[in-house]
J.: 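Sharing a structure, written as structure tokens. Questions coming.
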Amino acid sequence: MMKKEDINKILKILEKEYGDVGIALNFSNVFELLVATILSAQCTDKRVNIVTSTLFKKYKTIKDYATANTEEFEQDIKSTGFYRNKAKNIITTANIILDKFNGTVPKTMNELLTLRGVARKTANIVLGSGYGIYIGIAVDTHVIRLSNLIGLTKNSDPKKIEKDLMDIVPKKYWHNISFVIQTLGRRICMARKPKCDKCPIKHLCSHYIATHKF
């Protein structure tokens, strides 16, 4: 188990290095954030931003999404992958928000989880980046992989990883912990060709320590 002092060192270093890097998805309101996050499943944020730059001009209100033609909407988001499921989820979610939440994206975890295509990761992103409410930590593929490499968890299940991180990461870092880990994963700790020698936390990383002789 990693020492608490080492965890705090890691968090401080990552915050210093990447603390100014926020969410990579573009949006102008909470519903757009929700749409973009649903689209980001198994897709890069860069691709999502390309798609939403047109999508958000075409569909301006929640009602526009709720009444969208499914086949047309599928084509609008096709390049994000899994477009049939995503289209169904977004259109259904728009209708749920209109019918059950008076046209406003809900502000609680339990309510968000009733929406189509929304699991804890998406809900945490919407609550945090949309409403400034931090009750959990968004766990995506970068967070899963790097949390294990660094030594912050030994679990592979996102829910268990979130719990592990919430147990060891001070709440003041919850707002940004996912973003700084994602940035580390994109810039330094890539899955195929990691730049370990350039990693700002290599001296504290369990994987680096285990695989390098000093």
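Quick note: residue numbers are just sequence positions, from 1. Not measured: the values here are computed from a predicted model. Basis for what follows: all heavy atoms, side chains included, without hydrogens, waters or symmetry-related copies.
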J.: Between I201 and L184, which heavy-atom pair has the shortest distance, and what is it?
T.: CD1-CD2, 3.9 Å
J.: Check this for me, if you would: do D167 and K163 make a salt bridge, where the nitrogen-to-carboxylate-oxygen distance has to be below 4.0 angstrom?
T.: yes
J.: Can you find a pair of side-chain heavy atoms, one from K57 and one from T54, that are under 4.5 Å apart?
T.: no
J.: For K202 versus D197, what's the shortest heavy-atom pair and its separation?
T.: NZ-O, 3.0 Å
J.: Please report the C-alpha distance between D140 and S178 in whole Å, then the side-chain angles of each, then the deciding distance to 0.1 Å, and finally whether the side-chain contact (heavy atoms from CB on, under 4.5 Å) criterion is met.
T.: CA-CA 8 Å; D140 68 352; S178 297; over 6 Å; no
J.: Going by heavy atoms in the side chains, are S147 and I181 under 4.5 Å from each other?
T.: yes
J.: Do F179 and V48 share a hydrophobic cluster (ILVMFWY, side-chain heavy atoms under 4.5 Å, transitive)?
T.: yes
J.: Side-chain contact, heavy-atom cut-off 4.5 Å: I188 with E17?
T.: no
J.: Give a yes or no answer on whether the side chain of N124 reaches the backbone of I135 with a donor-acceptor pair at less than 3.5 Å.
T.: no
J.: Quick one: are L127 and M109 in side-chain contact, heavy atoms under 4.5 Å?
T.: yes
J.: Please determine whether residues V30 and F56 belong to a single hydrophobic cluster, defined as Ile, Leu, Val, Met, Phe, Trp and Tyr linked transitively by side-chain heavy-atom distances below 4.5 Å.
T.: yes
J.: Looking only at non-hydrogen atoms, find the nearest pair between V51 and S79 and report the distance.
T.: CG2-OG, 3.2 Å
J.: Is the ring pair Y65/F31 parallel, tilted or perpendicular, if the boundaries are 30 and 60 degrees?
T.: perpendicular
J.: What's the spacing between S129 OG and H175 NE2 if we round to 0.5 Å?
T.: 10.0 Å
J.: Would you say Y134 ends up clustered with L33 if hydrophobic residues are merged whenever their side chains have heavy atoms under 4.5 Å apart, either directly or through other cluster members?
T.: no
J.: Run the side-chain contact (heavy atoms from CB on, under 4.5 Å) check on M2 and I10 step by step: do they pass?
T.: CA-CA 11 Å; M2 184 175 287; I10 288 171; 3.6 Å; yes
J.: For N102, I'd like to know if atom CG has over 12 heavy atoms of other residues, nucleotides or ligands within 6.0 Å.
T.: no
J.: Return the CD to OG1 distance between Q182 and T141, rounded to the nearest 0.5 Å.
T.: 8.0 Å
J.: Does a donor on one side chain and an acceptor on the other come within less than 3.5 Å for T61 and D64?
T.: yes
J.: Just verifying a value: how many Å separate F101 CZ and T114 OG1, rounded to the nearest 0.5 Å?
T.: 4.0 Å
J.: With a 4.5 Å cut-off on side-chain heavy atoms, are L14 and N176 touching?
T.: no
J.: Given side chains that start at C-beta, do those of T52 and L25 come closer than 4.5 Å, heavy atoms only?
T.: no
J.: Determine whether D76 and Y59 make a side-chain contact, defined as any pair of heavy atoms from C-beta on separated by less than 4.5 Å.
T.: yes
J.: What is the distance from atom NZ of K121 to atom NZ of K159, rounded to the nearest 0.5 Å?
T.: 14.5 Å
J.: With rounding to the nearest 0.5 Å, note down the distance linking CZ in R116 to CG in N95.
T.: 11.5 Å
J.: Of the non-hydrogen atoms in I62 and G103, which two are nearest, and what is the gap between them?
T.: CD1-O, 3.2 Å
J.: Of the non-hydrogen atoms in L146 and G185, which two are nearest, and what is the gap between them?
T.: CD2-N, 3.6 Å
J.: Are L115 and L113 connected in a single hydrophobic cluster, I mean Ile/Leu/Val/Met/Phe/Trp/Tyr linked by side-chain heavy atoms less than 4.5 Å apart?
T.: yes
J.: Treating R120 as the side-chain partner and P158 as the backbone partner, does any N or O pair qualify as donor plus acceptor under 3.5 Å?
T.: no
J.: List the steps, then state whether side-chain contact (heavy atoms from CB on, under 4.5 Å) holds for R186 with D45.
T.: CA-CA 11 Å; R186 292 183 180 121; D45 291 342; 2.9 Å; yes
J.: Quick one: do L149 and I168 end up in the same hydrophobic cluster if we chain Ile, Leu, Val, Met, Phe, Trp and Tyr together by side-chain heavy atoms under 4.5 Å apart?
T.: no
J.: Could you check whether any side-chain N or O of T93 sits under 3.5 Å from a backbone N or O of I90, counting only pairs where one atom can act as donor and the other as acceptor?
T.: no
J.: Check E15 with K172, please: is the shortest side-chain N to carboxylate O separation under 4.0 Å?
T.: no
J.: Give the minimum heavy-atom separation between I77 and K86, together with the two atoms involved.
T.: CD1-CB, 3.8 Å
J.: Is any side-chain heavy atom of L112 less than 4.5 Å from a side-chain heavy atom of V105?
T.: yes
J.: Around atom NZ of K12, are there more than 12 heavy atoms of other residues, nucleotides or ligands at under 6.0 Å?
T.: no
J.: As a quick check of understanding, evaluate side-chain contact (heavy atoms from CB on, under 4.5 Å) for L34 and T122, giving each step before the final call.
T.: CA-CA 7 Å; L34 174 58; T122 298; 3.9 Å; yes
J.: Quick check for you: to the nearest 0.5 Å, what is the distance between T153 atom OG1 and L165 atom CG?
T.: 6.5 Å
